[in-house]
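First comes the structure, then the notes that go with it.
Throughout, a chain's letter reflects where its sequence line sits, starting with A, and its residues are numbered from 1.
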Protein chains: 2
Amino acid sequence: MMDETEQIDRIRLFNRAYTRRIGVLDEGLLDSPFSLTEARILFEIATAPDISAGSLGGILDLDAGYLSRTLKKLEQSGLVVASRPAEDGRRRALRLTAAGESAFKALDAASRDAVAGMLGPLGPQNRLRLVAAADTILACLAGSPEPAARLRAHQPGDMGWIIERHGALYAAEYDFDARFEALVAEIAADFLRHFDPARSCCLIAARGDERLGSAMVVDAGDGVAKLRLVLVEPQARGLGLGRLLLEGCLDFARQAGYRRMTLWTNSILTTARQLYETAGFQLVDEAEHSDFGPRLIGQSWTRDL
Amino acid sequence: MMDETEQIDRIRLFNRAYTRRIGVLDEGLLDSPFSLTEARILFEIATAPDISAGSLGGILDLDAGYLSRTLKKLEQSGLVVASRPAEDGRRRALRLTAAGESAFKALDAASRDAVAGMLGPLGPQNRLRLVAAADTILACLAGSPEPAARLRAHQPGDMGWIIERHGALYAAEYDFDARFEALVAEIAADFLRHFDPARSCCLIAARGDERLGSAMVVDAGDGVAKLRLVLVEPQARGLGLGRLLLEGCLDFARQAGYRRMTLWTNSILTTARQLYETAGFQLVDEAEHSDFGPRLIGQSWTRDL
DNA sequence: AGCCAATAGTTGACAAAAGCAACGATATGC
DNA sequence: GCATATCGTTGCTTTTGTCAACTATTGGCT
């Protein structure tokens, strides 16, 4: 895990590195006749015509006096005009003249080129990642409360994802071999082949587009529902998603009229074991096996609904 | 898709927003007796003791004259000492005094607090996302030139990925239903169950960790190899990956001693059809079916090896 | 209506920050 | 040992930013 100190250090590292980058970008404006502040002023006026000097200063965090002087210079150069709006004789509504517009366009193009120059050497894939990461940062800072993880029914591709994550995670964490992924694929294929919305369900825990966990219920006959393929991604553990998925499955099974629910798991999955125990499941059988490579103890659990 | 113009605009938006954020952070240093530049100088000297004024200026992009004066001020305040290293009488090796160290520590703590204040109101999940995104941006910019796509053998999780992408892509592009994903899962499970490195193979086209395409060869009996599950991700199309995968499969089949290669596909997959034609495959059979929902024309292709 | 406080912007004086160019001291290459 | 380059310093200048006093206008209040 990453503690707060390390988070802060990494953000500070990022701030240093990135501001230096941006500094390099802004140097591109050096061969224009405008200072960075002037360019920012032109940009803001172009974006929000009839803006007042006051709000401009607020946005750019400029001293009122300094701003006033700078604006006067821009007016004298014929790039900006100010009018006294009828409704408030104190304010001055700022606008770009035609010359101001074209100066802004040139600046804007230069700034665009500078960014393009930064993105240029990156591969198309890296560019997308970069833009996505920038969006993420803004979203996080905007404090857009991170979309809550929620349960949804399965969609095309979800079965494959379940197989992939089971295969990759159990291989990495417990050294399961390919037979495990094969078994999961068979279970998933079987689920899709015989999917009956009244008798079976597959729940995906997702946050936005990101899949965080899975669980499914299938008909085991005799009024017994079988819980399968319960998985929570490592980065999403500790959020109660396992509980959420399990509750969703129990609810579904009850509504579907099942009397009991059973599941099969392996003893090394201690977190899962706790989850099942607190959810009222009872261990009914254990048997050693080596179906997936390492020596394991398979467990059957059950509970009434 | 996102075109370059939009990427640039979003990065520019990010730059504006983020620099403003950092500006706010730096204001935290205002109640220290140091200017931002002095603080940066202290930071660099603390990080790299015995640094020369020249490289300091290079790192911080400061005018040599300005830097010289600022350093003199810091020396007079007793925070920095400079020594003439024996090996080069022109340079001056800069170090913090004890007082300098403690001043730096205070600055460092203030900066850390400022960042902590920025991260504070975010949720723990958002903090992690933010840090991860910042790392991503630096990694992208570090311009680790995007690794070339290459073929590799399958690994744990790859079969699941193949199933996921087949399921999701064919559903989105051709409206295939769940039976298709089920079929792919069965094929994949079968492959894993009966995988024999001498008789079958699965190739994954990958760029770094990112999977871009797949193809597999299985034994169809009578010296015939069957090509299955050829897929290239939309964002990686046009790079010749399909060709690469196909050649890899043909090479494997020849080395494994197969006499012929067959494959089954559907007529709507026109890009794939061209790929097979140019690779020397010949259409031997067509049959209408609706196995995956829409009415399709299945095609069998074959070629000698 | 008339007064007062608040708001929007301007101006002068000044300080800090930054840039430029000339210069001295030392090192390096031929 | 001389030309040339490097490292740093200093004087001078411009740019940038700050502060406080000031004018003009508005809006609320009695």
Looking at the side chain of [X], which of [options] is the nearest nucleotide?
X: R92(A); options: dT18(D), dG19(C), dT10(C); result: dT10(C)
X: A64(A); options: dT26(C), dA17(C), dT10(C); result: dT10(C)
X: K72(A); options: dG19(C), dA24(D), dT11(C); result: dT11(C)
X: S68(B); options: dT9(D), dT16(D), dT18(D); result: dT9(D)
X: D88(A); options: dT26(D), dA18(C), dG17(D); result: dT26(D)
X: D63(B); options: dC19(D), dG19(C), dA5(D); result: dG19(C)
X: R91(B); options: dT6(D), dG8(D), dA17(C); result: dG8(D)
X: R90(A); options: dA25(C), dT25(D), dG9(C); result: dT25(D)

What I want to check is whether an N or O donor and acceptor connect the side chain of R69(B) with the base of dG19(C) at under 3.5 Å.
yes

Side-chain (S55(B)) to main-chain (I51(B)) donor-acceptor, under 3.5 angstrom
no

Answer yes or no: is there an ion pair linking D108(A) with R12(B), defined by an N-O contact shorter than 4.0 Å?
yes

Distance in angstrom units between R84(B) CZ and dA25(C) C1', rounded:
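Distance, rounded to whole Å: 8 Å.
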
Can you measure L62(B) atom CG to dA17(C) atom P for me and round it to whole angstrom units?
12 Å

